[in-house]
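Below, all heavy atoms of this structure are taken into account, side chains as well, without hydrogens, waters or symmetry copies. In the text below, chain A, chain B and the rest are named by the order of the sequence lines, each starting its count at 1.
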Number of protein chains: 2
Amino acid sequence: MTAHPELTRNQALVLKALGQAEIPLSAYTILDLLRDDGFRAPLQVYRALDKLQELGLVHRLESISAFVACAHPHCHAHEIIAFAICRTCGRVNEFSDAGIEERLGRWIEAHKFEPEKTTIEMSGLCAACADPSNGASVGA
Amino acid sequence: MTAHPELTRNQALVLKALGQAEIPLSAYTILDLLRDDGFRAPLQVYRALDKLQELGLVHRLESISAFVACAHPHCHAHEIIAFAICRTCGRVNEFSDAGIEERLGRWIEAHKFEPEKTTIEMSGLCAACADPSNGASVGA
DNA sequence: ATGGCATACGTTATAGCATTACGCAATCGA
DNA sequence: TCGATTGCGTAATGCTATAACGTATGCCAT
Ligand SMILES: [Zn+2]
Ligand SMILES: [Zn+2]
Ligand SMILES: [Zn+2]
Ligand SMILES: [Zn+2]
């Protein structure tokens, strides 16, 4: 399902590390996780991340300088993606909203701006962390 | 007009530096600009920036790790702010859109998320840089 | 097969961004 | 006067990302 035969060994290892994590990982955390697999330098991680981002399999969260595996590894080439990031448990919710895309599209047209990358990130508390009595579990 | 008697000397110097710049500045660039005013260490800049952000006079652009003076130094306490950042000339356009705010509000309500900070940044080419024949000048 | 090109890799060093930790000084209200 | 708060100055450190080098590999047109 999420197999990508095109991936090199390094790219596959980085993607696997991100896929197994419940929260976003920094490049240096990934490096540490992959030391046993022969990783020695940040560039090995960054190069793999670059490629994975190109392929749409990984996203960078600008506001926390960390990376997540795409939650919808199908093609969302044309969608604008948004993230809700919990500052307590670290969990991330990836979603898209046609309405937001349409509003931004209006602004872009009116101002003749040519966007190449759009970042939408909300930081705050997820439902579980905001109200622990609500039943959901809070990760380690 | 933009005077804030509450500001300390360091805060006022940082705000002035940002106000005179046409593009966002990194903390270390601000530090260099203010060496003649006695600034010696990054922390002097970061502490001033923290306070200025609290006051809503400065924004941090997450996607480029840089800071801008607020373009609308009146109160926009309740608005969600968005930025269009030109990757060529570096100029930034700050705006807000009630429609986007409303759409995000819907998602937040549906998911019981409690946002504390929202980041919306578009990178790309401004009208002048995308089509130089269009008349506008392209900054240094 | 051979040469040229493109892509990925490995390593070292360096650049750029941000915070921790400590102590001092000024301010303000109890 | 005391204690609390806030800001300041300095040094050290940590985290994030890229530059620059050379090597290896696969592919393809010659
Ligand atoms: Zn995705
Ligand atoms: Zn949470
Ligand atoms: Zn503003
Ligand atoms: Zn421009």
Asks: Would you say B:Ser65 reaches C:dC17's phosphate, i.e. side-chain N/O to OP1/OP2 under 4.0 Å?
Replies: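 Indeed not, no polar side-chain atom of B:Ser65 lies that close.
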Asks: How long is the line joining CG of A:Asn10 and P of C:dA8, in whole Å?
Replies: 11 Å
Asks: Measuring from A:Gln44:CD to A:Leu13:CG, what's the distance to the nearest 0.5 Å?
Replies: 10.5 Å
Asks: Under 4.0 Å between a side-chain N or O of A:Gln44 and OP1 or OP2 of C:dC9?
Replies: no
Asks: Find which nucleotide of DNA chain C each of A:Gln11 and A:Arg40 is nearest to by heavy atoms, and output the residue with the more 5' nucleotide.
Replies: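 Between the two, 5'-proximity favours A:Gln11.
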Asks: Salt bridge or not between A:Lys117 and A:Glu62? Use side-chain N to carboxylate O under 4.0 Å.
Replies: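 Yes, this pair counts.
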Asks: Can you measure B:Ile30 atom CD1 to C:dG16 atom P for me and round it to whole angstrom units?
Replies: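 The distance from CD1 of B:Ile30 to P of C:dG16 comes to 16 Å, rounded to the nearest Å.
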Asks: Can you check whether B:Thr8 has a side-chain N or O nearer than 4.0 Å to OP1 or OP2 of D:dG7?
Replies: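 Checking B:Thr8 against D:dG7: no side-chain N or O falls below 4.0 Å of OP1 or OP2.
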Asks: To the side chain of B:Lys51, which of C:dC9, C:dC17, D:dG7 is closest?
Replies: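 Shortest atom-to-atom distance from the side chain points to D:dG7.
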Asks: So that I can tick it off, tell me whether B:Asp50 and B:Arg47 are bridged by a salt bridge, with the cut-off set at under 4.0 angstrom between side-chain N and carboxylate O.
Replies: no
Asks: Would you find more than 12 non-hydrogen atoms of other residues, nucleotides or ligands less than 6.0 Å from B:Glu116 atom CD?
Replies: yes
Asks: A:Arg35 has an atom CZ; how far is it from atom C1' of C:dG10, in whole Å?
Replies: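 The answer, rounded to whole Å, is 14 Å.
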Asks: Could you tell me how far apart A:Ile64 (CD1) and D:dC15 (P) are, to the nearest whole angstrom?
Replies: 16 Å
Asks: Given D:dT16, D:dT10, C:dC17, which nucleotide is nearest the side-chain atoms of B:Ala41?
Replies: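 From the listed options, D:dT10 comes nearest.
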Asks: Rounded to whole Å, please give me the gap between CD in A:Glu6 and P in D:dG26.
Replies: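 Whole-Å distance recorded here is 15 Å.
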Asks: Rounded to the Å, how far apart are B:Leu49 CG and D:dG7 P?
Replies: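 My rounded result for the distance is 14 Å.
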Asks: With no hydrogens and no angle check, is any side-chain donor or acceptor of B:Glu101 less than 3.5 Å from a backbone partner on B:Asp97?
Replies: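 No, B:Glu101 side chain to B:Asp97 backbone: no donor-acceptor pair under 3.5 Å.
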Asks: One character per nucleotide, please: for nucleotides 19-28 of chain C, 5' to 3', B when the base has a protein heavy atom closer than 4.0 Å, S when only the sugar-phosphate does, - otherwise.
Replies: BBB-------
Asks: Looking at A:Ile81, is its backbone amide N or carbonyl O close enough to the side chain of A:His59 to form a donor-acceptor pair, meaning the two atoms are under 3.5 Å apart?
Replies: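 A pair under 3.5 Å: no.
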Asks: What's the CG-C1' distance between A:Leu31 and D:dT18, to the nearest Å?
Replies: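 Atom-to-atom, A:Leu31 to D:dT18, this comes out as 15 Å.
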Asks: Atom CG of B:Leu34 to atom C1' of D:dG9: distance rounded to whole Å?
Replies: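 Checked: the CG to C1' distance equals 15 Å.
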Asks: Run the numbers on A:Lys51 and A:Glu54 for salt bridge (Lys or Arg N to Asp or Glu O under 4.0 Å), then give the verdict.
Replies: CA-CA 5 Å; A:Lys51 190 65 180 180; A:Glu54 266 182 50; 3.7 Å; yes
